[in-house]
Amino acid sequence: KNQAAAIRAFARSGLAGQGVQYVLCGSREPGAEEVAELAETTEGVRLLSYVTDAQLAWLYKAAAGFVLVSRLEGFGVPVAEAIAAGLVPLVARDSVLEEVAGAGALRADPLNEADIAEGLRKLVSLDPEERATREADLARSIERFTPAAFRDGWRAALTRESQPVATKEFIE
């Protein structure tokens with residue numbers, strides 16, 4: 001998930017000095033020891049374990065944005081979930097996360113901590129008009145991943161596949 005780099009970028013951003021916190025929650029993945037050590041020694045970073053749905057909803061409501069600059073991600077469900085909760089995400093450039101989030105997301109090179117730090121500063125300082133524009137773009141983007149869109153996409157694919165196709169060999 002590249003959380004160690006994100007924590008180092010947060011330290012570099014200077015946001016802790018402005019009262020901003022970087023909060024992580026969830027499972028411990030490979031590299032968790034480094035992440036825990038960095039969280040413990042970096043001002044403004046809070047490392048939580050699993051949180052309840054109600055706690056997660058509160059965290060989303062209190063957040064200025066969502067950060068996932070992962071170097072390797074399967075689909076991007078956490079980003080879609082954060083967008084559904086009304087957050088603008090900072091995601092890894094040229095990744096599936098960017099594809100899921102669409103044009104409304106902020107992007108950073110996951111291998112460049114200075115770029116991540118700049119993305120964090122921008123995320124926190126979005127003016128209301130830009131934030132609203134991004135949120136509208138994000139909402140349109142994740143409509144592609146609703147249960148109804150999934151169902152309709154499968155229905156269309158199955159309908160296409162079940163239609164007989166006339167080929168020259170079949171006709172002769």
Side-chain angles (χ1 to χ4, degrees), residues 1-48 51 55-145:
K1 302 289 182 197
N2 207 26
Q3 292 297 347
I7 292 171
R8 288 190 297 270
F10 177 77
R12 184 179 198 156
S13 74
L15 291 170
Q18 298 173 32
V20 176
Q21 291 189 347
Y22 186 80
V23 179
L24 298 105
C25 60
S27 65
R28 302 297 181 255
E29 297 185 349
E33 299 79 18
E34 179 186 13
V35 170
E37 184 177 320
L38 282 168
E40 189 175 308
T41 60
T42 304
E43 179 186 1
V45 177
R46 304 242 351 240
L47 179 61
L48 309 175
V51 294
Q55 290 168 321
L56 183 60
W58 183 89
L59 286 167
Y60 281 153
K61 187 174 180 174
F66 180 81
V67 179
L68 188 58
V69 287
S70 180
R71 291 180 297 175
L72 178 65
E73 191 63 36
F75 173 74
V77 171
V79 171
E81 182 179 79
I83 292 168
L87 294 175
V88 173
L90 170 61
V91 298
R93 186 177 293 122
D94 300 324
S95 72
V96 70
L97 302 174
E98 185 177 22
E99 184 179 339
V100 168
L106 295 173
R107 297 151 180 80
D109 178 347
L111 302 176
N112 184 327
E113 291 175 15
D115 198 35
I116 298 169
E118 180 58 33
L120 289 165
R121 286 189 291 271
K122 182 165 183 166
L123 184 60
V124 169
S125 65
L126 287 173
D127 67 59
E129 185 177 320
E130 182 178 0
R131 186 173 294 279
T133 299
R134 287 183 179 279
E135 288 170 352
D137 288 344
L138 292 161
R140 280 189 296 277
S141 181
I142 66 161
E143 283 180 7
R144 299 173 294 152
F145 306 108

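Sorted by first and then second residue, the pairs that involve residues 8-30 and meet ring pair (Phe, Tyr, Trp, His ring centres under 6.0 Å), not counting sequence neighbours, are Phe10-Tyr22. Among pairs with a residue in residues 82-136, none fulfils ring pair (Phe, Tyr, Trp, His ring centres under 6.0 Å), at least two apart in sequence or across chains. Sorted by first then second residue, the side-chain hydrogen bond (donor to acceptor under 3.5 Å, both in side chains) pairs that include residues 91-104, not counting sequence neighbours, are Arg93-Asp115, Glu98-Arg107. Pairs engaging residues 117-132 under the side-chain hydrogen bond (donor to acceptor under 3.5 Å, both in side chains) rule: Glu118-Arg121, Glu130-Arg134 [sequence neighbours left out].
The closest side-chain heavy-atom distance from Val124 to Leu120 is not below 4.5 Å. Residues Leu97 and Pro89 form no side-chain contact, since every pair of their non-hydrogen atoms from C-beta on lies 4.5 Å or further apart.
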I'd like a table of donor-acceptor pairs (distance under 3.5 Å, sequence neighbours excluded) in which one partner is a side-chain atom from residues 38-46, with atom names and distances.
| residue | atom | partner | partner atom | Å |
| --- | --- | --- | --- | --- |
| Thr41 | OG1 | Glu37 | O | 2.9 |
| Thr41 | OG1 | Leu38 | O | 3.4 |
| Thr42 | OG1 | Leu38 | O | 2.6 |

Name each donor-acceptor pair under 3.5 Å that joins a side chain in residues 56-66 to protein atoms two or more places apart or in another chain, with its distance.
| residue | atom | partner | partner atom | Å |
| --- | --- | --- | --- | --- |
| Tyr60 | OH | Glu81 | OE1 | 2.8 |

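Listed by chain and number, the residues in a side-chain hydrogen bond (donor to acceptor under 3.5 Å, both in side chains) with Arg12 amount to none (sequence neighbours excluded). Taking Glu143 as the reference, nothing meets the side-chain hydrogen bond (donor to acceptor under 3.5 Å, both in side chains) condition, with sequence neighbours excluded. Annotation: side-chain hydrogen bond (donor to acceptor under 3.5 Å, both in side chains) contacts of Glu34 (sequence neighbours excluded): Arg8. With sequence neighbours excluded, no residue satisfies salt bridge (charged side-chain N to carboxylate O under 4.0 Å, His left out) with Asp109.
Nearest approach of Val69 to Ala6, heavy atoms of both residues: CG2-CB, 4.2 Å. For the pair Ile116 and Pro110, the tightest heavy-atom approach, listed with the atom from each and the gap, is CD1-O, 3.9 Å.
The environment of Arg144 atom CZ is dense: over 12 non-hydrogen atoms of other residues, nucleotides or ligands sit within 6.0 angstrom.
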